[in-house]
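Naming convention: chains lettered A, B, ... in sequence-line order (proteins, then strands); numbering from 1 in each chain. All values below were derived from every heavy atom in this structure, side-chain atoms included, with hydrogens, water molecules and symmetry-related copies excluded.
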Amino acid sequence: MARWLVKTEPEECGIDDFARDPETPIPWDGVRNYQARNFLLEMAVGDEVFIYHSSCKHIGVAGIVKVARAAYPDPAQFDPGSPYHDVKSSEEKPRWKAVDMIFQRKLNSLIPLDELKGTAGLEDLALVKRGSRLSVMPVSDAHWQIILQQEKNSLR
DNA sequence: GCCAACGTTGGC
DNA sequence: GCCAACGTTGGC
């Protein structure tokens, strides 16, 4: 099983939106970057995913969701009314993908970005690298465990 | 294929 | 709101 991290603006779709209806998968759409899309394509049902809140008051890792449906053509790319519409994409040759994700749990407390940056062992995580704009990224087992350990540490 | 211009991301 | 960093576009 692989593990991932995705960025989102909580105003748009944060961990609380998953928690509100924990039995219902939510489409993860609107990814319009090739590197991020390629990671979406690698996701398998059951993979665990950190939800990271960006561009907001409390920036950091907020919770965990699971992949509920593997990659399929993102419907938004065909919708002229959508901000994610892509005129260069077609039903025959869809360019962009979506996956569905479902709630797993909220972290006991949000792990802020500056804590992630200050933690030994996370230097290689794309998230903490300067200028990184990648919105979907793999998380190694080691990185995953370090971040969960931070959650435990914050309880003390 | 190069690269300047442009639009977007995202922390601050 | 600012702006640095980045990805994409399009002329050549």
Side-chain angles (χ1 to χ4, degrees), chain A residues 2-20 26-43 47-67 70-101 103-140 142-151 153-154:
Chain A
R3 287 168 165 144
W4 310 90
L5 181 146
V6 297
K7 295 179 184 174
T8 179
E9 299 185 15
E11 322 274 308
E12 192 72 25
C13 180
I15 193 66
D16 288 330
D17 294 288
F18 285 95
R20 192 169 301 123
I26 297 179
W28 202 260
D29 58 5
V31 171
R32 293 295 179 268
N33 167 284
Y34 287 103
Q35 198 182 353
R37 181 207 62 184
N38 291 342
F39 286 134
L40 287 184
L41 283 166
E42 291 180 34
M43 288 184 181
D47 282 2
E48 292 181 310
V49 185
F50 278 135
I51 295 290
Y52 172 87
H53 288 174
S54 69
S55 298
C56 59
K57 185 163 185 186
H58 300 292
I59 297 168
V61 177
I64 301 172
V65 298
K66 274 184 140 176
V67 177
Y72 58 95
D74 179 352
Q77 68 193 312
F78 311 124
D79 177 5
S82 167
Y84 301 123
H85 183 230
D86 185 346
V87 288
K88 292 178 181 169
S89 191
S90 66
E91 308 252 1
E92 298 74 42
K93 288 187 73 177
R95 179 180 289 196
W96 304 112
K97 300 289 176 175
V99 301
D100 289 353
M101 301 200 195
F103 184 70
Q104 181 158 309
R105 67 180 183 92
K106 286 183 75 165
L107 297 195
N108 298 312
S109 64
L110 178 131
I111 302 172
L113 176 60
D114 54 1
E115 259 184 53
L116 297 169
K117 282 182 173 171
T119 299
L122 291 182
E123 298 86 355
D124 294 337
L125 187 65
L127 183 74
V128 304
K129 293 199 175 160
R130 191 181 60 124
S132 169
R133 289 165 49 175
L134 188 59
S135 62
V136 179
M137 68 190 75
V139 177
S140 70
H143 288 160
W144 188 271
Q145 295 307 329
I146 290 170
I147 293 169
L148 288 186
Q149 187 60 46
Q150 282 182 280
E151 181 193 20
N153 292 345
S154 70

Less than 4.0 angstrom between a side-chain N/O of [X] and OP1 or OP2 of [N], yes or no?
X	N	value
A:K117	B:dC12	yes
A:Y52	B:dG11	yes
A:K7	B:dT9	no
A:R130	C:dA4	no

Write down the distance between [atom1] ([X]) and [atom2] ([N]), rounded to a whole number of angstrom.
X	N	atom1	atom2	answer
A:L110	B:dG11	CG	C1'	15 Å
A:R32	C:dT9	CZ	P	12 Å
A:D86	C:dT8	CG	P	12 Å
A:E9	B:dC12	CD	C1'	15 Å
A:E12	B:dG10	CD	C1'	15 Å
A:Y84	B:dG7	OH	P	19 Å
A:L116	B:dG11	CG	P	11 Å
A:K129	B:dT9	NZ	C1'	18 Å

Residue [X], side-chain atoms from C-beta onward, closest of [options]:
X	options	result
A:L113	B:dG10, B:dC12, C:dT9	B:dC12
A:Y34	B:dG10, C:dT8, B:dG11	C:dT8
A:S55	C:dT9, B:dG11, C:dT8	B:dG11

Are A:Y34 and A:W96 an aromatic pair, judged by ring center distance below 6.0 Å?
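Judged by ring-centre distance (under 6.0 Å), A:W96 and A:Y34 do meet the cut-off.
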Any side-chain donor near an acceptor of the partner, A:D79 and A:Y84, under 3.5 Å
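Per modelled atom types, A:D79 and A:Y84 side chains form no pair under 3.5 Å.
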Pick from A:W144, A:F39, A:Y52: which one makes a side chain to side chain contact (heavy atoms under 4.5 Å, CB included) with A:L5?
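Output: one option passes, namely A:Y52.
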Roughly how far, to the nearest 0.5 Å, is the CG atom of A:D86 from the CZ atom of A:R95?
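It comes to 4.5 Å.
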Can you work out whether A:N33 or A:K88 has the more 5'-proximal nearest nucleotide on DNA chain C?
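The answer here is A:N33.
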Quick check: are there more than 12 heavy atoms from other residues, nucleotides or ligands sitting under 6.0 Å from NE2 of A:H85?
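Yes - once you tally the heavy atoms of other residues, nucleotides and ligands closer than 6.0 Å, there are more than 12.
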